[in-house]
Amino acid sequence: MESMLFPCVNACRSCFLLDGLWKMQFDPEGTGEQENWQNGLPDSFSIPVPASFSDLFTDARIRDYCGDFWYERSFYLDNDSSRDVILRFGSITHRAVIYINGTEAGRHEGGFTPVVLNITPLVRFDARNRISVRVNNKLNETSLPCGAVKVLPDGRKLAAPYFDFFNYSGIQRSVYLLRIPKESIIDYDTRISLTDDRAEIQYSIKTSGTHECIAEIFDRKGSLVAESAGREGTLVIENPHLWKVYDGYLYTLVIRIVDGGHDIDKYPARLGIRTIEVRDGKILLNNEEIYLKGYGKHEDFEVIGRTFSYPVAKRDFELMKWSNANCFRTSHYPYAEEWYQMADEEGILIIDEVPAVGMMRSLMNFADAGKGSEESYFFNAPTVDQLQENHKTALREMITRDKNHPSVIAFSIFNEPETTYPSALAYFRPLFSLARELDVQNRPLTGALLMSSRPDTDLTYELCDFVSLNRYYGWYVAGGPELMSAEDMFRREMDGWKRVLQGKPLIFTEFGADTSAYEHKLPSVMWSQEYQNEYYEMNFRVMDSYDFIKGELVWNFADFQTTEGVMRVNGNKKGIFTRNRQPKDAAFLLKKRWENK
Ligand code: GCB
């Protein structure tokens, strides 16, 4: 795996953004490579990069296109053979083959983590170079997320997700061309311990060479506050400014490879001083108990689909703070890296989730789950080994990419798979072990459990440091006039968890009710804003009766796009905010509750 470090510019490293208009062409027959498209697209049109392509056009066949499609652009490279040339895509969804000047430079499976290639041997200096990318957005039962492809009578292919969000795809995050020293910093780890008035930061640095390393920490004013020589060591800060909720104080950790007085490579990383752990039934941030309040989100917005957008992300952080939230889950995939950088600065906590969603052979798992009609055989399928391999790769890439963000306080290993059969436990155990091995900071691990994973049926909760539940009492189960029965059923389940968990903390990673921003009704009916409030009031009543509940992330932050179907009105409407980020009534209820929670 090439270095995942985010691009930076300094005396040793440079980077050029390759965002802008690229060429694009669909390849429905999958014959592009045979026809030599890697040496130039025969009949292309312009497309913005980064972008999800689906909502940019007016033709439904393009929106729903499923199969191979190509991107192309050129770049000029001046002569500097002392440094390597690296091509870095923030992500390509869901898989890609990348060619430089017609020759394959690499391929990648998985649509939500960076694709990083050392293309030095393939580039021409003092000349124009061509990048071609063959992307494929099909879903299958070994891809993360899982799904299938449906073929229509006219031969057209359609994505059939086993999950509840639109299958946006393409080059959806920024593309960079980097030049880095031949001997370079590949990765680093930090592990922080706090005593009364000092922080000890154990660090380790991985490089591609053998020269000595130096680590230095600067405060926000630029004063040097700690330094240490060596690839491993301990940095000490007296009276540190801790990283806290809404106070995202960041130091700069400067890592250098040195040769005498000369820097061979240098990387400035941002460092938040905080600890996170689960102890004695509590979630502790800097040794103080914290109750998680906030949202499950999506990367989703009008027109741009899943493209990262600074203005949309900024608006989202402002709304989170306005509503007194302190946390969000990156349901159901790792988001663009800029989200984590902004959360580091804003002081917002993140539960970082791998794209293990749709692990159930159903086109409506989110609905079927409540009816107990889930499929149990997913983890016995002939493809399970490949699925687990892809799951491990996705986990490795997510943790390597995100482990140094102070905002990331936990990793979520799955969303709503079948977890009541021994095959599920056998499948997930090695994934939890891998995550524990990879994360030097030892963050808590969890996974979001679906309705049928109950205290008496679930087999995986013991793998989790805190248990996460997705529950829809009062929506998929006993909604509307049956809300009182929903409350009883909910309490019965919680009594069960109280018995089995014996003090292990539990949070809610989802609970919510579809709500039209245009419906009001007295007395309430399902889908009205009044009902969304009553639904939440009932849920909070239950949650407040159990002290092992340590967090509530509502579903969802905003309305979002899904595939079409009778369950969805142009998307999922469980947002607290509309898709264009205006509040429904429930936003005010949450704001008030979370002010004092
Ligand atoms: C769930 C899923 C989520 C869905 C949600 C719903 O349990 O995890 O992806 O969007 O339910 O609204 O049905």
Side-chain angles (χ1 to χ4, degrees), residues 112 139 144-147 159-168 294-300 306 328-335 351 353-375 378 412-420 446-454 458 460 467-479 486 490 493 507-516 526-527 531-532 535-536 539 552-579 584 586:
F112 301 96
L139 301 167
L144 271 72
C146 301
Y162 294 175
F163 51 85
D164 185 32
F165 51 93
F166 191 83
N167 189 39
Y168 285 118
Y295 304 94
K297 280 182 93 316
H298 266 296
E299 287 185 294
D300 175 277
R306 194 144 290 128
F328 70 94
R329 175 173 64 127
T330 68
S331 36
H332 294 305
Y333 37 81
Y335 290 3
I351 298 178
E353 187 160 276
V354 79
V357 56
M359 292 186 159
M360 192 171 295
R361 200 164 293 133
S362 155
L363 299 188
M364 293 206 298
N365 68 342
F366 49 92
D368 288 354
K371 300 186 198 128
S373 59
E374 75 282 0
E375 300 280 6
F378 205 86
S412 165
I413 313 288
F414 57 70
N415 182 73
E416 298 195 341
E418 201 298 311
T419 62
T420 66
T446 192
L449 293 175
L450 89 162
M451 200 74 193
S452 56
S453 303
R454 303 169 59 87
D458 176 68
T460 57
V467 171
S468 299
L469 298 186
N470 295 352
R471 289 296 179 268
Y472 289 92
Y473 289 107
W475 186 252
Y476 295 123
V477 180
F490 194 6
E493 186 186 347
I507 70 162
F508 287 89
T509 32
E510 287 182 25
F511 56 115
D514 281 281
T515 304
S516 159
M526 292 172 86
W527 291 88
Y531 186 73
Q532 193 179 27
Y535 168 92
Y536 276 117
N539 275 265
E552 51 193 54
L553 307 185
V554 301
W555 191 255
N556 186 286
F557 174 77
D559 294 346
F560 58 93
Q561 195 65 54
T562 63
T563 6
E564 293 175 61
V566 291
M567 299 275 298
R568 296 291 175 256
V569 188
N570 182 19
N572 185 309
K573 298 289 189 243
K574 295 193 187 68
I576 299 303
F577 299 94
T578 60
R579 200 178 186 209
K584 297 182 193 167

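Just so you know, ligand 1 is whichever comes first in the structure, and atom 1 is the first atom listed for that ligand. For clarity, every value in this text was computed on a predicted model and none was experimentally measured.
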Check whether any heavy atom of W555 sits under 4.0 Å from an atom of ligand 1. yes
Got a donor-acceptor contact below 3.5 angstrom from the Y335 side chain to the K297 backbone? yes
Start with the C-alpha distance between Y333 and F165, add both sets of side-chain angles, then the distance that settles ring pair (Phe, Tyr, Trp, His ring centres under 6.0 Å), and finish with yes or no. CA-CA 11 Å; Y333 37 81; F165 51 93; 5.4 Å; yes
What pair of heavy atoms forms the shortest contact from V477 to A486, and how long is it? O-CB, 4.0 Å
Using the benzene-type ring in the case of Trp, are the ring centres of F490 and F508 under 6.0 Å apart? yes
If we set the cut-off at 4.0 Å for heavy atoms, which region of T562 has an atom near ligand 1: side chain, backbone, both, or neither? neither
Can you sort out the partners of F166 under ring pair (Phe, Tyr, Trp, His ring centres under 6.0 Å), two or more places apart, ordered by chain and number? Y168
So for Y476 against ligand 1, with non-hydrogen atoms under 4.0 Å, the contacting part is side chain
With no hydrogens and no angle check, do the side chains of N572 and N556 hold a donor and an acceptor under 3.5 Å apart? no
For ligand 1, is F165 a contact, meaning one of its heavy atoms is under 4.0 Å away? no
Proximity of N556 to ligand 1 by residue part, where a heavy atom lies under 4.0 Å: neither
Answer with side chain, backbone, both or neither: which part of W475 has a heavy atom less than 4.0 angstrom from an atom of ligand 1? neither
In ligand 1, the atoms that come under 4.0 Å of a heavy atom of H332 are 3 (C), 8 (O), 9 (O)
R568, portion touching ligand 1 at heavy-atom distance under 4.0 Å: side chain
Numbered atoms of ligand 1 (with element) below 4.0 Å of N572, judged on heavy atoms: 6 (C), 10 (O), 12 (O)
F511 side chain reached by W475 side chain, heavy atoms, under 4.5 Å: no
Report, in ascending order of atom number, the atoms of ligand 1 lying under 4.0 Å from any heavy atom of F560. 10 (O)
